[in-house]
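Residues: numbered from 1 along the sequence shown.
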Amino acid sequence: MKIYDTKTAPTPRRVRIFLAEKGIDMEYVQVDLAKGENLSPEMRAKNPIGKIPILELDDGTCVSESDAICTYFEALHPQPSLMGTLPLEKAIISQWQRQVEMGLFMQVGMCFQHTSGYFKDRMTPVPEFGKEAGKNAAKFMSLLNKRLAESPFIAGDKFSIADITALCAIDFARVVDIRINPEHEHLLRWHAEVSARPSAKA
Ligand SMILES: N[C@@H](CCC(=O)N[C@@H](CS)C(=O)NCC(=O)O)C(=O)O
């Protein structure tokens with residue numbers, strides 16, 4: 001079993017942290033996104049949309065989408081749970097995971113893609129759109145600060161996949177010069193705590 005990964009990209013880091021939290025060893029195969037290695041016919045055979053991460057099982061079965069890969073390992077290794085065990089807990093984690101993904105992670109990703117020109121060989125950057133996405137990300141961080149004033153972690157009392165997604169988005173946001181507002185004390189408290197977990201080094 002192996003995962004096609006790019007050490008510097010935010011999405012595969014979500015999976016690396018998830019697996020580190022569960023203590024799962026994995027073979028990681030580095031893919032150079034800048035050189036477009038992810039777009040080769042071999043890689044597109046593994047994931048038609050040409051993105052990483054991709055989990056490849058020993059029989060050749062491939063699973064892409066970070067959330068789907070995490071769901072697979074949560075089912076195989078339920079403890080420690082990162083996606084909830086009770087029905088309501090699962091629903092609330094899923095709610096936050098989705099909102100963080102759309103409201104923060106995607107916005108940071110769009111800001112990067114449309115303002116940096118990193119992928120200009122394969123897309124048409126629209127800088128104004130990228131700047132708006134960056135503003136949306138900053139607004140969402142403000143919302144998270146409020147949430148974290150009342151809750152130790154994003155989805156409640158326990159560390160979950162929603163915290164992993166937010167951590168990867170916020171750390172990657174530095175690349176486009178978006179940082180936690182120094183007045184957002186609750187978000188800063190949370191960020192220091194989740195960054196201190198050994199898994200954050202993954
Ligand atoms: N929704 C996908 C997103 C995957 C994705 O966008 N991966 C980026 C790296 S963070 C990528 O492979 N980009 C290469 C490209 O767009 O050419 C997931 O969660 O796995």
Side-chain angles (χ1 to χ4, degrees), residues 6 8-18 21 33 49 51-53 64-71 74 82-84 88-119 123 125-197 199-202:
T6 300
T8 50
T11 311
R13 183 175 179 225
R14 292 165 65 185
V15 174
R16 292 199 307 273
I17 294 179
F18 192 93
E21 285 283 336
L33 299 184
I49 67 166
K51 309 259 185 203
I52 49 96
S64 53
E65 291 300 322
S66 49
D67 201 78
I69 297 169
C70 291
T71 301
E74 178 85 354
L82 295 169
M83 299 175 96
L88 184 58
E89 188 193 9
K90 278 176 184 262
I92 289 174
I93 292 172
S94 175
Q95 169 211 307
W96 279 106
Q97 158 76 342
R98 185 88 178 137
Q99 290 180 346
V100 169
E101 188 161 42
M102 303 300 289
L104 181 60
F105 196 95
M106 284 288 294
Q107 303 302 321
V108 171
M110 289 300 105
C111 181
F112 171 70
Q113 290 187 15
H114 288 272
T115 62
S116 73
Y118 189 84
F119 288 134
M123 62 174 282
V126 182
E128 285 309 310
F129 173 70
K131 282 182 208 149
E132 282 305 306
K135 286 183 203 162
N136 292 340
K139 273 189 215 152
F140 197 91
M141 282 160 71
S142 175
L143 182 153
L144 279 185
N145 183 57
K146 289 197 186 87
R147 166 65 177 164
L148 290 163
E150 64 195 30
S151 176
F153 295 103
I154 291 176
D157 291 342
K158 285 194 247 164
F159 180 83
S160 78
I161 190 169
D163 296 292
I164 297 175
T165 303
L167 177 67
C168 293
I170 288 174
D171 286 350
F172 189 71
R174 281 186 291 226
V175 172
V176 284
D177 214 19
I178 299 171
R179 289 179 169 76
I180 300 176
N181 181 331
E183 289 175 8
H184 288 168
E185 58 179 304
H186 309 292
L187 187 55
L188 284 168
R189 182 269 306 159
W190 165 89
H191 186 260
E193 284 174 14
V194 295
S195 299
R197 295 173 81 91
S199 65
K201 294 190 178 62

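A donor-acceptor pair shorter than 3.5 Å can be found between the side chains of Asp163 and Trp190.
In terms of heavy-atom proximity, Ala162 sits nearest to Ile154 at O-CD1, 3.9 Å. Minimum heavy-atom separation, Pro125 to Gly117: CG-CA, 4.4 Å. Here the shortest heavy-atom pairing between Ala137 and Val108 reads CB-CG2, 3.8 Å. When all heavy atoms are compared, the tightest approach of Pro53 to Val15 is CG-CG2, 3.9 Å.
Using a 4.5 Å heavy-atom threshold, the side chains of Ser195 and Leu167 count as touching. Glu65 places none of its side-chain heavy atoms less than 4.5 Å from the side chain of Thr71. Between Glu89 and Ile93 the shortest side-chain heavy-atom distance falls below 4.5 Å. In this structure, Leu82 and Cys70 have side chains that are not in contact, with every pair of non-hydrogen atoms separated by 4.5 Å or more.
Between the NZ atom of Lys51 and the OG1 atom of Thr6 there is a distance of 11.5 Å, given to the nearest 0.5 Å. In this structure, the separation between CZ on Phe159 and CD1 on Ile17 is 7.0 Å, given to the nearest 0.5 Å. Considering CD1 of Ile170 and CG of Leu187, their distance stands at 4.5 Å, rounded to 0.5 Å. Atom CG of Leu33 and atom CD1 of Ile52 lie 4.5 Å apart (nearest 0.5 Å). For the atom pair CE (Met83) and CD1 (Ile161), the distance works out to 4.0 Å, reported to the nearest 0.5 Å. To the nearest 0.5 Å, the span separating CD1 on Ile69 from CZ on Arg16 amounts to 12.0 Å.
The salt bridge (charged side-chain N to carboxylate O under 4.0 Å, His left out) analysis of residues 177-192, with sequence neighbours excluded, yields the pairs Asp177-Arg179, Arg189-Glu193. Listed by first then second residue, pairs satisfying side-chain hydrogen bond (donor to acceptor under 3.5 Å, both in side chains) with a partner in residues 102-114 read Gln107-Asn136, not counting sequence neighbours. Annotation: salt bridge (charged side-chain N to carboxylate O under 4.0 Å, His left out) contacts involving residues 142-152, sequence neighbours excluded, comprise Arg147-Glu150.
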Audit row: Ile178, Met141, side chain to side chain contact (heavy atoms under 4.5 Å, CB included) steps and yes/no: CA-CA 10 Å; Ile178 299 171; Met141 282 160 71; 4.1 Å; yes
Run the side chain to side chain contact (heavy atoms under 4.5 Å, CB included) check on Phe172 and Thr8 step by step: do they pass? CA-CA 9 Å; Phe172 189 71; Thr8 50; over 6 Å; no
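Using a 30° and 60° split on the angle between ring planes, Phe112 and Tyr118 fall in the tilted class, from 30° to 60°.
With sequence neighbours excluded, no residue satisfies side-chain contact (heavy atoms from CB on, under 4.5 Å) with Ala91. Lys131 pairs by the side chain to side chain donor-acceptor pair (under 3.5 Å) definition with Glu128, not counting sequence neighbours.
Distance alone, capped at 3.5 Å, places no donor-acceptor pair between the Ser160 side chain and the Ala155 backbone.
Contact check on Glu21 versus Arg197 returns a salt bridge, with a Lys/Arg side-chain nitrogen under 4.0 Å from an Asp/Glu carboxylate oxygen.
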Under 3.5 Å donor-acceptor pairs involving side-chain atoms of residues 96-103, not counting sequence neighbours:
| from | atom 1 | to | atom 2 | distance (Å) |
| --- | --- | --- | --- | --- |
| Gln97 | OE1 | Thr165 | OG1 | 2.7 |
| Gln97 | NE2 | Asp67 | OD1 | 2.6 |
| Glu101 | OE2 | Arg14 | NH1 | 3.1 |
| Glu101 | OE2 | Arg14 | NH2 | 3.1 |

